[in-house]
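Source: prediction; values computed, not measured. No hydrogens, no waters, no symmetry mates; every other heavy atom, side chains included, goes into these values.
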Amino acid sequence: MSEVVSQPDEYWMREALKRADRAEAVNEIPVGAIVVANGEIIGEGWNTPISDHDPSAHAEMQAVRMAAKQVENYRVIDATLYVTLEPCAMCAGMLVHARIARVVFGAFDLKTGSAGSVMQLLQHPQLNHQCEITSGVLADECGEKLSAFFRRRRAEIKAAKAEAKRLSEQAERPGGDISEGECP
């Protein structure tokens, strides 16, 4: 696994971050991905499992599906996937099957990361393909985008619970349950 960051890697990771913004815009976990071959984007994706009701609708899946259609082959050889979060086991398996040459990710995923954090599927010696890995590209920026999203979501949930409690207490007070048109 390499942690040497090049300017092109930073450039492409910023493109992946733009896709993460698209996920966040529809209240999905902000993860974005692009597939690059010969210096151009051939696939892009962002998380949509909630809105698509599809547990496989991860950013990496979306990007590689688009790239495979672009190259008209289920193997996306000589391509690099840029993703803002370390791939999970599902996505890592797909990347191996697609024969992605290189995976570049931003933030480490200490709960489900399958490019070295929890397990190593992308370079497992018993698999018939191993991906080159570059980790930690714009890690702070990618990680902060995720942290800010979850902070906001926790604050929204807390505010909704407080409002529900306030309304419940108001309804329980004498006179707090007066219907329209009734006199107290």
Would you say L127 ends up clustered with M119 if hydrophobic residues are merged whenever their side chains have heavy atoms under 4.5 Å apart, either directly or through other cluster members? no
Please test L121 against V96 for side-chain contact (heavy atoms from CB on, under 4.5 Å), starting from the C-alpha separation and ending with a verdict. CA-CA 8 Å; L121 291 179; V96 168; 5.7 Å; no
Report the C-alpha separation of V137 and W12 in whole Å, then their side-chain angles, then the decisive distance to 0.1 Å, and conclude whether the side-chain contact (heavy atoms from CB on, under 4.5 Å) test is met. CA-CA 10 Å; V137 175; W12 294 120; over 6 Å; no
Pair N27-R153, side-chain contact (heavy atoms from CB on, under 4.5 Å): steps then yes or no: CA-CA 9 Å; N27 215 23; R153 291 286 292 139; 3.7 Å; yes
Less than 4.5 Å apart, side chain to side chain, heavy atoms only: is that true for P30 and L146? yes
Taking only Lys NZ, Arg NE, NH1 and NH2, and the carboxylate oxygens of Asp or Glu, determine whether E44 and R22 approach each other closer than 4.0 Å. yes
To the closest 0.5 Å, what do you measure between CD1 (I34) and NZ (K18)? 9.5 Å
Just by modelled atom types, is the A101 backbone N or O under 3.5 Å from a matching donor or acceptor in the E132 side chain? no
Quick one: pull up OG in S114 and CG in L122 and give me the separation to the nearest 0.5 Å. 7.5 Å
Just wondering, are more than 12 heavy atoms of other shown residues or ligands nearer than 6.0 Å to NE2 in H129? yes
Donor + acceptor pair across side chains of N73, R99 (<3.5 Å): no
Taking the side chain as C-beta and beyond, is there a heavy-atom pair between I42 and E40 under 4.5 Å? yes
Is there side-chain contact between R152 and E24, with heavy atoms separated by less than 4.5 Å? yes
Can you give me the closest heavy-atom contact between C131 and I100, atom names plus distance? SG-O, 3.2 Å
Verify the cluster assignment for F150 and L85: are they in a single hydrophobic cluster under the rule of side-chain heavy atoms below 4.5 Å apart? yes
Between R102 (side chain) and D78 (backbone), is there a donor-acceptor pair under 3.5 Å? no
Does the Q120 side chain pair with the main chain of A115, one donor and one acceptor, at a distance under 3.5 Å? yes
Give me the atom names and distance for the closest heavy-atom approach of M61 to S56. CG-O, 3.1 Å
Can you tell me if S51 and E28 form a side-chain donor-acceptor pair at under 3.5 Å? yes
Using a 3.5 Å distance criterion without hydrogens, assess whether the side chain of S117 forms a donor-acceptor pair with backbone atoms of F108. no
Interatomic distance, CZ@R14 vs CG@L138, rounded to 0.5 Å, equals 4.5 Å
Are side-chain heavy atoms of V103 and Y82 found at a separation under 4.5 Å? no
Is it the case that the side chain of E60 and the backbone of A33 share a donor-acceptor pair, with hydrogens and angles ignored and the cut-off at 3.5 Å? no
What about V104 and W46, same hydrophobic cluster or not, with Ile/Leu/Val/Met/Phe/Trp/Tyr joined at side-chain heavy-atom distances under 4.5 Å? no
Residue pair G106 / A139: nearest heavy atoms and the distance that separates them: O-CB, 3.5 Å
Answer yes when E144 and R151 have at least one side-chain N-carboxylate O distance shorter than 4.0 Å, and no when they do not. yes
From CA spacing to verdict: salt bridge (charged side-chain N to carboxylate O under 4.0 Å, His left out), R166, E169: CA-CA 5 Å; R166 186 189 69 75; E169 289 171 352; over 6 Å; no
Can you check whether A59's main-chain N or O pairs, donor with acceptor, with N47's side chain at less than 3.5 Å? yes
Under 4.5 Å between side-chain heavy atoms, counting indirect links through other Ile/Leu/Val/Met/Phe/Trp/Tyr residues: same cluster for Y11 and I41 or not? yes
For G143, is there any backbone N or O sitting under 3.5 Å from a side-chain donor or acceptor partner on S147? yes
Heavy-atom closest pair (A92 atom, P87 atom, distance to 0.1 Å) is N-CB, 4.2 Å
Kindly give the heavy-atom pair with the smallest separation between A79 and A37, and that separation in Å. CB-CB, 4.2 Å
Report the C-alpha distance between E141 and K145 in whole Å, list the side-chain angles of each, state the deciding distance to 0.1 Å, and finish with yes or no for salt bridge (charged side-chain N to carboxylate O under 4.0 Å, His left out). CA-CA 6 Å; E141 196 170 329; K145 181 174 290 297; over 6 Å; no
Group every Ile, Leu, Val, Met, Phe, Trp and Tyr by side-chain heavy-atom contacts under 4.5 Å, then state whether M66 and V83 land in the same group. no
With side-chain contact (heavy atoms from CB on, under 4.5 Å) as the criterion, how do H58 and V31 come out once you've worked through the C-alpha distance, each side chain's angles and the decisive distance to 0.1 Å? CA-CA 8 Å; H58 287 194; V31 177; over 6 Å; no
Tell me yes or no: between the side chains of T48 and Q62, is some donor less than 3.5 Å from an acceptor? yes
Pairwise side-chain contact, V35 with T80, heavy-atom cut-off 4.5 Å (strictly under): no
Give me the atom names and distance for the closest heavy-atom approach of P49 to P55. CB-CA, 4.4 Å
